There are 2 protein chains.
Amino acid sequence: MSGVDGLSLRELARDAGVSHGAPRRHFKDKRALLDALAVEGFTRLDAVLARANGEGGRFADRLSDVAIAYVRFATGHPALLELMFSSKHELDASAELKTAANACFARLEDLVRSGQASGELAAADLQQVGTIVFASLQGITALVNTEMAGDADLDALTVSTVRALLYGLAPRS
Amino acid sequence: MSGVDGLSLRELARDAGVSHGAPRRHFKDKRALLDALAVEGFTRLDAVLARANGEGGRFADRLSDVAIAYVRFATGHPALLELMFSSKHELDASAELKTAANACFARLEDLVRSGQASGELAAADLQQVGTIVFASLQGITALVNTEMAGDADLDALTVSTVRALLYGLAPRS
DNA sequence: ACCTGAACACCGTTCAAGT
DNA sequence: ACCTGAACACCGTTCAAGT
């Protein structure tokens, strides 16, 4: 049973000591409940990213800090992260969910923009650079959450990835 | 209903015009069936990667070709990919499944090794570089499969990501 | 060897009925 | 307003019985 579908409304009701029909009063659907959890997840993630993003300092350091915070959160709550992103891409995702998710992405995009403004990032399409950076973080998350990468050296892997993205894996000379 | 759990054995049996108990003769479990599908997926992916990896040519081009092939496959069969990686990380994944999966990763690792050997990649820990490269590809996959990145410019995104990994996003001068 | 079909213990969802 | 509990249509799994 994969993380999301392992959650049963009836079991939840049982644990709460209430009848299986009761949750219906609070959540119209199973997915309404899942959506609410996903919104909560994005809100918490946004707070985590905000805290990690020290306004001062070199861009490379701020990016590293945010990346570490993101990857720690994402690998620390694998089921929640899966829920957040699988809920978000449902065709009829709630406006609230989209708003919460976009706040997180905007935060990353702002960071990239500031790097371009200060010249620490080469001028390039903001969207595309943002996507590349975010994809790298999500990729680390995916590898760790499917146990293809150990989480022992998690921060080191994150920092190496950020470094590779900034300075390249090819010899620089 | 997420991709993997959307598949019902009873529905499968119905579609095959057979009783719901019949699949039991061929697959002991629902997961035994899913594992068999995952193995098939890795085998097909391995063939795709082998075909993409032209032995001659510059490393950067070969990496681009393999990356494009991987991302196309992964985003072209989202449910299969989710199944492949979620099955693989089950604690009691079959030896057959692990073997099929490892063949794909070894192929990527070989490519990285050849880049280091030719000097087109800086000397560094093979495992870590392999992980960074693979994470990037899996990250693109995750973004596209959760509809956070469009698949219109999929190859362009892949090529840009490979370029960023090789040469960096920071100004090079 | 392979399939059938009833049985069991679970789901999510709906809805009349209670308080 | 909120909860209950039966009902319905689904699951996966098991198992005696058929061919």
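Treat the numbers as computed from the prediction; the structure is a model and nothing was measured. Below, chain A is the first sequence line, B the second, and so on; all start at residue 1.
The side chain of B:A22 lies closest to C:dC3, out of D:dA6, D:dC11, C:dC3. Of the listed nucleotides (D:dG12, C:dG12, D:dC2), C:dG12 has the atom at the smallest distance from the side chain of A:S8. Side chain of B:L9, nearest nucleotide from D:dC3, D:dG12, D:dC10: D:dG12. Checking C:dT4, C:dA7, D:dA7 against every side-chain atom of B:V18, the shortest atom distance belongs to C:dT4. Minimum atom distance to the side chain of B:R25 is reached by C:dC3, of the listed C:dC10, C:dC3, C:dT13.
As the counterpart of C:dG18, D:dC2 is assigned, both hydrogen-bonding distances of the Watson-Crick or G-U wobble pattern falling under 3.5 Å.
Checked against a 6.0 Å centroid threshold, the rings of A:F134 and A:Y70 count as neighbours.
For D:dT4, its base never sits under 3.5 Å from the side chain of A:R24 at any donor and acceptor pair.
Note on A:H20: a base of the nucleic acid sits closer than 4.0 angstrom, heavy atoms only.
Enclosure of atom CG in B:D61 by more than 12 non-hydrogen atoms of other residues, nucleotides or ligands within 6.0 angstrom is indicated.
A salt bridge does not link B:R107 to B:D110: none of the charged nitrogens lies less than 4.0 Å from a carboxylate oxygen.
For the 3.5 Å distance criterion, the side chains of B:S118 and B:E120 qualify, holding a donor opposite an acceptor.
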